[in-house]
Structure formats: C-alpha cells, structure tokens
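So the structure is just underneath, and the comments pick up after that.
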There are 2 protein chains.
Amino acid sequence: MSVTESIASTTGLTGKDRYTISEVAALTGLTAHTLRWYERIGLLPQVDRSHTGQRRFTEQDLGWLTFVGKLRLTGMPVADMVRYAELVRQGDHTRDDRRELLEATRRDVLTRITELQDTLAVLDIKISHYGTACGGTPS
Amino acid sequence: MSVTESIASTTGLTGKDRYTISEVAALTGLTAHTLRWYERIGLLPQVDRSHTGQRRFTEQDLGWLTFVGKLRLTGMPVADMVRYAELVRQGDHTRDDRRELLEATRRDVLTRITELQDTLAVLDIKISHYGTACGGTPS
DNA sequence: TAAAACGTTTGAGTGCACTCGAAGCAAGTA
DNA sequence: TACTTGCTTCGAGTGCACTCAAACGTTTTA
C-alpha cells in the first residue's frame, strides 16, 4: 500500500499498472530470485504475465509485498505468511481466521517490542559502565 | 545477571557456585547441546570442570548467558557475539571497542523497535478493517 | 543484423543456528 | 552387580530463507 501511495504521490499519477520483475526488485529491495520464489511457494498470488510469459506485477502486488515486508520484520515465518495469503485467496468466508491471525501477530509484535526495550535497558546499563571509568567486568 | 539475582532473591542465598550443564539448561532454556556448542565456538568462556571433567558453570557464566540471550533477541549474529566475547577475554585495553560495539547494537535495537511500531500501526489498520464489516480486500 | 541486457525454468547449493546420533566413560541407585 | 542417568567428543543432519547455476528464450539498443 505505501509503495503504491509513494509512487502516486511522487509522480502525481496513479503510476504504471504493470511492473517488470527488475522494477519490483528495485522498488522492494528483494531480488528477482526471491520474487520468483515467493510466487512459487504461494506467498505472492499468481502474477500476471505478458504475452511472452514474462511477469508483470500490478500495484496490488506491490502493496502486498510491502505488507509482507512488514510481517517479515516481525519475524513471522514465511510459512505463516503463506497461510495468510491462502486465506486471502480463499475469499470472504475466511475473514475471521484472517483477523485472528493478524491479532495473534499483533500480540507477538507487542511482546517483541517489550523484549527489545528490555534489552535496550540492559545495553544502556552496560554502556554507562563503559562510559565511566569504573573498570568492572561486563558479565 | 538477572538469573543470578533471581536465584539470590528466591533462595535468600548467593546460590550455589557451580551448576551442571543440565541445571544451566533448565535455567536458561538452552539445550545442553547448545551450551556445549556455545563453548566450542567461543561464545562462552572456558567453563570450569569437575575432577571428572564435567562442566561446572559459575554464576558469572549464567549472567553472561542471560546477556547473550538478550543479544540474541536483537537478532545479532552469533559471530558478532563471539567477537564481543573475544574482546572481553582480551582484557581492559579493548574497552573502547566493546563500548562501540554495544552502542552500535543499541542503535540497531532502536531501529528495530521503530520498525516494529510501524508494523504495529499497519496491523491495527488492517485489524480495524476486519473489525468493521467493510469487506475490502486486504492488500 | 548483431550484441547486450533482461527474462524464463528446474533443481541444486548456501549460510546460519542449532540439533541430533553414536560410542563410550563415570557416578549414583536397587 | 546391573541398571539408569548424565556426562564426554566428534561429526553429521535439520529447517529456514533464500541464492545461485545452467540452459535457454526475448527485448532493446547500436
């Protein structure tokens, strides 16, 4: 979604409606290899093809990839993301499952934020020890 | 450090000063295999041995493992943790390097927290869409 | 038209962080 | 004494998420 928006906002247009694999690689930071792999495992829906069989990504695909990128940052396993993608493909009757999956993910993210803040506190303590000339062993 | 402290606070003693590998496994959640592997790669300092050659972990070791656990949560590669452990072993003249390493890690952690909060916002938007009966495709 | 740049597929390889198995020794228990 | 449990080492295996190679087809530029 945000990639789509940024294209729209920086070009003043809706943007092209078809992107080659190398364009998408440049936009997302993923490699072409990874994009093909994502499609193969079902993390990307069936990508449109040109008349010669080359991939042509839509803005929807870009939006989905941006979201997947965020999920990846949470440490969600690819298999779970594939599961979510499958639910989306299966249509409207999976809405409850999807919401639940997202809520579980949300809880995980909150936990991870807490863990990281905890770690941050430990790091600050250690760094402050180094800052002063206290000479303690950092264990 | 916190493991040591919690032992001290729950037993009212300083705690034993030597722990078997299975005790440490139970305390840290790591497997005995992993603990041996940590020592082998230099992530743990040389662990003391009993007269029969069995490992006897000290409270210092426990504290170090707790810290390593925190670093692991940040996604720091094991190789970097080994590097830090080496600096500690090399003594006081590596203090500056160590502080710098910790400060770089601190910056990484802050970045990751920001990323996660960003992801949280996206999740909240999506969840709110599911919460209301808006029927939009989540892409 | 020729060359380069980019695309396709399948299947195999890589790097990380464990994780396990096998073979064997040592201490404690019935 | 026999059994159980736990320890040792070494090297191989696992699961994840890519990552690459090979062989070939297509599109664009000079």
Side-chain angles (χ1 to χ4, degrees), chain A residues 16 18-44 46-58 61 64-86 105 108 112 115 119, chain B residues 16 18-44 46-58 61 64-86 105 108 112 115 119:
Chain A
K16 323 199 291 182
R18 310 186 90 64
Y19 299 83
T20 66
I21 199 165
S22 58
E23 286 169 336
V24 176
L27 284 167
T28 61
L30 299 167
T31 68
H33 277 303
T34 300
L35 287 167
R36 291 189 201 103
W37 178 67
Y38 275 8
E39 187 185 7
R40 207 157 66 222
I41 65 174
L43 182 52
L44 261 176
Q46 189 76 8
V47 177
D48 272 10
R49 300 302 175 113
S50 72
H51 69 103
T52 54
Q54 297 189 352
R55 285 173 185 80
R56 293 294 178 263
F57 293 78
T58 64
D61 292 329
W64 174 253
L65 283 171
T66 304
F67 179 54
V68 164
K70 299 241 177 268
L71 291 184
R72 211 159 34 107
L73 287 176
T74 71
M76 182 188 271
V78 167
D80 290 1
M81 297 191 246
V82 171
R83 170 84 187 125
Y84 181 76
E86 275 164 1
T105 303
D108 287 351
R112 288 191 54 66
E115 287 170 350
T119 302
Chain B
K16 323 197 291 182
R18 312 187 90 64
Y19 300 84
T20 67
I21 200 166
S22 60
E23 286 169 337
V24 176
L27 285 167
T28 61
L30 300 167
T31 67
H33 275 301
T34 300
L35 288 168
R36 291 186 203 106
W37 179 66
Y38 275 7
E39 187 185 8
R40 207 159 62 225
I41 65 175
L43 183 52
L44 261 177
Q46 190 76 8
V47 176
D48 273 10
R49 302 301 174 116
S50 72
H51 68 104
T52 54
Q54 298 188 353
R55 284 175 185 78
R56 292 294 179 261
F57 293 78
T58 65
D61 292 328
W64 174 253
L65 284 171
T66 304
F67 179 55
V68 163
K70 299 241 177 269
L71 291 183
R72 212 157 35 106
L73 287 176
T74 71
M76 182 188 270
V78 167
D80 290 1
M81 297 192 246
V82 171
R83 170 84 188 125
Y84 182 76
E86 276 165 1
T105 303
D108 288 351
R112 288 190 54 65
E115 287 170 349
T119 302

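Numbers restart at 1 for each chain; the letters A, B, ... are given by sequence-line order, proteins then strands.
Tested against Phe57(A), the residues Thr20(A), Val24(A), Leu27(A) include a single side-chain contact (heavy atoms from CB on, under 4.5 Å) partner, Val24(A). Considering Glu39(A), Arg55(A), Arg36(A) as possible partners of Leu44(A), the one that fulfils the side-chain contact (heavy atoms from CB on, under 4.5 Å) test is Glu39(A).
Put simply, CD on Gln54(A) is 14 Å from P on dG25(D), counting in whole angstrom units. Rounded to an integer number of Å, the gap from CZ of Arg36(A) to P of dA12(C) is 18 Å. One atom, CD of Glu39(B), and another, P of dC7(D), lie 14 Å apart when rounded to the nearest Å. Going from atom CG of Leu35(B) over to atom C1' of dT19(C) covers 13 Å, rounded to whole Å. Rounded to an integer number of Å, the gap from CZ of Arg49(A) to C1' of dT9(C) is 10 Å.
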Each nucleotide of nucleotides 16-24 of chain D classed B (base within 4.0 Å of a protein heavy atom), S (only sugar-phosphate) or -, in 5' to 3' order, makes -SBBB----
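Side-chain contact check for Leu65(B) versus Leu35(B): some heavy-atom pair is nearer than 4.5 Å. In this structure the side chain of Asp61(B) never reaches within 4.5 angstrom of the side chain of Tyr19(B), judged on heavy atoms.
Ion pairing between Arg112(B) and Glu115(B) holds under the 4.0 Å rule for side-chain N and carboxylate O.
Contact annotation: Arg56(B) does not reach the phosphate of dG6(D) (side-chain N/O to OP1 or OP2, under 4.0 Å). Thr52(A) has no side-chain polar atom (N or O) that falls below the 4.0 Å cut-off from OP1 or OP2 of dG25(D).
Looking at heavy-atom distances under 4.0 Å, Arg55(A) makes contact with sugar-phosphate atoms alone, never a base.
Side-chain atoms of Asp108(B) never come within 3.5 Å of backbone atoms of Thr105(B) as a donor-acceptor pair (strictly under, hydrogens ignored).
Considering only side-chain atoms of His51(B), the nucleotide from dC7(D), dG7(C), dA27(C) that sits closest is dA27(C).
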